[in-house]
Each structure stands twice: as C-alpha cells, then as structure tokens.
Amino acid sequence: MRLLVTGGAGFIGTNFVHQTVREHPDVKVTVLDALTYAGDQASLAPVADRISFVQGDVADADLVDRLVADCDVVVHFAAESHNDNSLANPWPFVQTNVVGTFTLLEAVRRHGTRYHHISTDEVYGDLELDDPAKFTPQRPYNPSSPYSATKASSDLLVRAWVRSFGVQATISNCSNNYGPYQHVEKFIPRQITNMVDGVRPKLYGTGQNVRDWIHVEDHNAAVWAIIDRGRIGETYLIGADGEQSNKDVVELILELMGEPRDAYDLVSDRPGHDLRYAIDSTKLRDELGWQPRFPGFRDGLAATIEWYRQNAAWWRPQKDATEAKYAQLGR
Ligand code: NAD
Ligand code: DAU
C-alpha cells in the first residue's frame, strides 16, 4: 500500500507515521506537511530513512494532484488545530481546514483514491457537566469556535463528496489526545513544561471543563482499523472513556511531578469555552473490534511527563514564543 499522510510532522501525524513504520512495515509512507509553527521534521528523524517527506501545502492543487496520483490511500491529518489561535486569527483555519480539505477531495475524486478524514469531537459542540449523554454519530453538528466550525465544514464537504461524487471516504471524530510530540501550546504539555521551568500550571476559568482523554497511540490504532475495515461513507467516533476535569488533570500532573496538588493558578477563561466533551465509541468497538490498548490515564500521563523531561531539546525552541502568545491573551 502507498499511503499519503498529510500533517505527518504534527503531533498525531508524527505518532501515526512512527506507528505505521513499526506495525505496517510493508506500507510505503509519503508525508505531505507545510511545516507551519506546529510541524517539526525533527519529529520524523527516527523514521526518516523509511519514509518520503514532501514540504508543501494541502491547498496547493498541483502538488496535491501529483502526490495523490501516486498513492493508494490518503489519511488527512493536516490542519490548524488550536482553538486559542483560531480565536485570535481564524483565517488560516478557513484556508487550511476548509480549502485544504476541498483540494484533497477534488484530487481523490479525480484519481478514485481511498480517503480517510481525521476530525474532532468538537464538531458536536459541548455537553452540560451533569448531562448523562455522550456524543454519538447521529448527533447534529453544533461547533462553537472558529477551529471547530472549520473542522465541521470539512467533514460536511467529505460527506457531500461521498454522496454526490462517490468518493471512497471515511471520517473519524476523536476526543482529546495526549502523548509524546504534542506542541507546548496544548493543555497537558503546556503545564508539564511550565513546571519543568518552575512556573505554576494555569487553569482557564474555574477548571471545571471536562475533556475525554485518549492516548495518541489508541487514536492511531483506531485510524488503522478504519482504513483496514471501515465502511465507505461512515463516520466513526474514537474515544477511550477518559473523561476528566481540567482541574483533576492539573492536580494529577502536580502530584506526579512531586508538587502540592493545589500549586496552580486560575487565569482568565477562553471565550466560548466548551464545557464538556464525551465520546460514545460503541460503533467503532462493535463494528471494527477496536479497543484502547494503552494502560490507564495515570500511567499514560506519567510516561508523557517523562517524555517531556527527556526531550527538552525537542520542545524548548517553541516554548518562549508560545508563552509570549499566551501572555498577550492574559492567559
Ligand atoms: P498539530 O497542530 O500538532 O499538527 C498539524 C500539522 O499539520 C503540522 O505538522 C502542520 O505543519 C501541518 N499543516 C498545517 N497546515 C498545513 C497545510 N496548509 N498544508 C500542509 N500541512 C499543514 O495537530 P494535531 O493535534 O496533530 O491534529 C492533527 C489532526 O487531528 C487535525 O486534523 C485535528 O483537527 C485532529 N484532531 C486532533 C485532536 C487532538 O487532541 N490534538 C483530537 C481530535 C482530532
Ligand atoms: O476534542 C478534540 C480537540 O482537543 C482537538 O480537536 C483540538 O485540535 C485539540 O487542540 C483539543 O482541543 P481543546 O481546546 O480541548 O485542547 P487544549 O489543549 O487547547 O485545552 C484542553 C482544555 O484545557 C480546554 O478545556 C482548555 C483548557 N486549558 C488549556 C490551556 C492551554 C487550560 O485550562 N489551561 C491552558 O493553559
């Protein structure tokens, strides 16, 4: 199989490429990545001799057409992915997430190529803290932020290209990922690296917001299950029953890093901040036999903390610029 992985130098894409090289050695991987502030080719160094790397934009129609013509399957991870950035400047989100996805869809339509679209649970909006419900594939879309609105738009393009043009596509909507190689702008790496630097963790608002955490390797194993066995035109929700309030996560990071559990600060809230996400992954489990294989959140978080401690050379170059952005937002 010749596999084109867009966004393969970002957090989830990098882990996907590493996992693919390890577990699917017969697959020929080409990565297409623009190397924005969020992409780092160094993340692919351990597998550099096993893959091809092309620096370029998913909205570059000529380049995308050439690469799609030469592959059997496209997995589309590339995106602008950070909610806070989308509130500060939505335009790159529209360009990459909507126009970029459109560009790929037109190419896979021309070449009859199998396409898997990586999306987020945020397309469904949020749930009340005390609501027993979880997101299911039947739930209407109701995105809150510019980021999630552009991801919802891209999902709807995929659905339309399946129905109107017979494109061979599947979609997955996953909950919050954690693990190695995640950019220091995101919640868990930001707190770990702050603490390495002697800075107290920062919780938005009251810290009551809930996210449904999944280890990135479990997400990527589910993506492989969908590539291998997913039904064309279907949407699969990926989640590992990992609901935690942000406050609980910060307290656990503090404990695991040997600090008092209350040594954090509350900072101003994110505008429009989604309250709670929760995934019902029954369809993925029943239909495709996927199950999370990573041990519990506490062990996964401890391993992630250790990875950031051991790999300061990877995240250090991004840290000051990231914190300068947050300082401007008062967070
Ligand atoms: P990331 O920001 O870490 O990585 C994004 C990658 O895409 C980077 O390597 C960047 O250089 C590349 N990129 C950005 N614009 C591009 C363009 N125009 N052309 C080519 N490459 C471009 O993101 P991530 O957290 O790894 O997320 C990957 C995908 O998974 C996204 O589609 C995101 O919406 C989705 N997702 C993320 C999570 C999560 O918790 N992080 C959860 C569910 C879904
Ligand atoms: O649900 C999937 C989504 O998860 C993905 O689609 C996004 O790409 C990914 O970034 C993530 O979105 P969130 O907005 O949930 O992730 P973030 O890491 O930005 O924040 C997680 C929670 O932590 C959220 O409630 C905001 C809060 N937070 C974040 C930061 C950076 C804090 O309390 N303090 C912080 O310093």
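Numbering of ligands and ligand atoms starts at 1, following listing order. Throughout, numbering of the chain's residues begins at 1 and tracks the sequence. Values below: every heavy atom of this structure, side chains too, minus hydrogens, waters and symmetry copies.
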### Query
Which residues, ordered by chain and number, are linked to I279 in its hydrophobic cluster, where ILVMFWY side chains connect at heavy-atom gaps below 4.5 Å, directly or through other members?
V123, Y124, L127, F135, Y141, L156, L237, Y277

### Task
Please lay out, stage by stage, how H18 and Y181 fare under the test ring-ring contact (aromatic ring centres under 6.0 Å, His included).
CA-CA 11 Å; H18 284 229; Y181 296 106; 5.4 Å; yes

#### Entry: Same apolar cluster: V68 and V75, side chain cutoff 4.5 Å
no

### Message
List the protein residues in contact with ligand 1, where contact means a heavy-atom separation under 4.0 angstrom.
### Response
G7, A9, G10, F11, I12, D33, A34, L35, T36, A38, G39, G56, D57, V58, F77, A78, A79, S81, T96, I118, S119, T120, Y147, K151, C174, S175, N176, N177

### Task
Determine the sole option in R316, R309, K319 for which the salt bridge (charged side-chain N to carboxylate O under 4.0 Å, His left out) test with D197 is passed.
R316

Does ligand 2 have any N/O pairs with the protein under 3.5 Å, and how far apart?
unit_1: ligand 2; atom_1: 1 (O); unit_2: D121; atom_2: OD1; d: 2.5
unit_1: ligand 2; atom_1: 1 (O); unit_2: N176; atom_2: OD1; d: 2.8
unit_1: ligand 2; atom_1: 4 (O); unit_2: N176; atom_2: OD1; d: 3.4
unit_1: ligand 2; atom_1: 4 (O); unit_2: N176; atom_2: ND2; d: 3.0
unit_1: ligand 2; atom_1: 6 (O); unit_2: T120; atom_2: OG1; d: 2.7
unit_1: ligand 2; atom_1: 6 (O); unit_2: Y147; atom_2: OH; d: 2.6
unit_1: ligand 2; atom_1: 8 (O); unit_2: S81; atom_2: O; d: 2.8
unit_1: ligand 2; atom_1: 8 (O); unit_2: Y147; atom_2: OH; d: 3.0
unit_1: ligand 2; atom_1: 10 (O); unit_2: S81; atom_2: O; d: 3.3
unit_1: ligand 2; atom_1: 12 (O); unit_2: E122; atom_2: OE2; d: 2.9
unit_1: ligand 2; atom_1: 14 (O); unit_2: N83; atom_2: ND2; d: 2.9
unit_1: ligand 2; atom_1: 14 (O); unit_2: R270; atom_2: NH1; d: 2.6
unit_1: ligand 2; atom_1: 15 (O); unit_2: N176; atom_2: ND2; d: 2.9
unit_1: ligand 2; atom_1: 15 (O); unit_2: R211; atom_2: NE; d: 2.7
unit_1: ligand 2; atom_1: 18 (O); unit_2: F187; atom_2: N; d: 2.9
unit_1: ligand 2; atom_1: 19 (O); unit_2: R270; atom_2: NH2; d: 2.8
unit_1: ligand 2; atom_1: 23 (O); unit_2: N246; atom_2: ND2; d: 3.4
unit_1: ligand 2; atom_1: 25 (O); unit_2: R211; atom_2: NH2; d: 3.2
unit_1: ligand 2; atom_1: 25 (O); unit_2: N246; atom_2: ND2; d: 2.9
unit_1: ligand 2; atom_1: 25 (O); unit_2: H273; atom_2: NE2; d: 2.6
unit_1: ligand 2; atom_1: 33 (O); unit_2: Y204; atom_2: N; d: 2.8
unit_1: ligand 2; atom_1: 34 (N); unit_2: K202; atom_2: O; d: 2.8
unit_1: ligand 2; atom_1: 36 (O); unit_2: R190; atom_2: NH1; d: 2.8
unit_1: ligand 2; atom_1: 36 (O); unit_2: Q191; atom_2: NE2; d: 3.1
unit_1: ligand 2; atom_1: 36 (O); unit_2: K202; atom_2: O; d: 3.4

### ring-ring contact (aromatic ring centres under 6.0 Å, His included) contacts touching residues 24-48 (sequence neighbours left out)
H24-W224, Y37-H183

### Message
Given the ring of Y204, does R331 sit roughly above its face, with NZ or CZ under 6.0 Å from the centre of the six-membered ring and within 45° of the axis?
### Response
yes

### Query
Taking atom CG of N194 and atom OH of Y264, what is their separation to the nearest 0.5 Å?
15.5 Å

### Query
Is it true that the NZ or CZ of K283 lies under 6.0 Å from the centre of Y236's six-membered ring and within 45 degrees of the ring axis?
yes

### Summary
In T282, D241, D280, the residue satisfying side-chain hydrogen bond (donor to acceptor under 3.5 Å, both in side chains) with K134 is D241

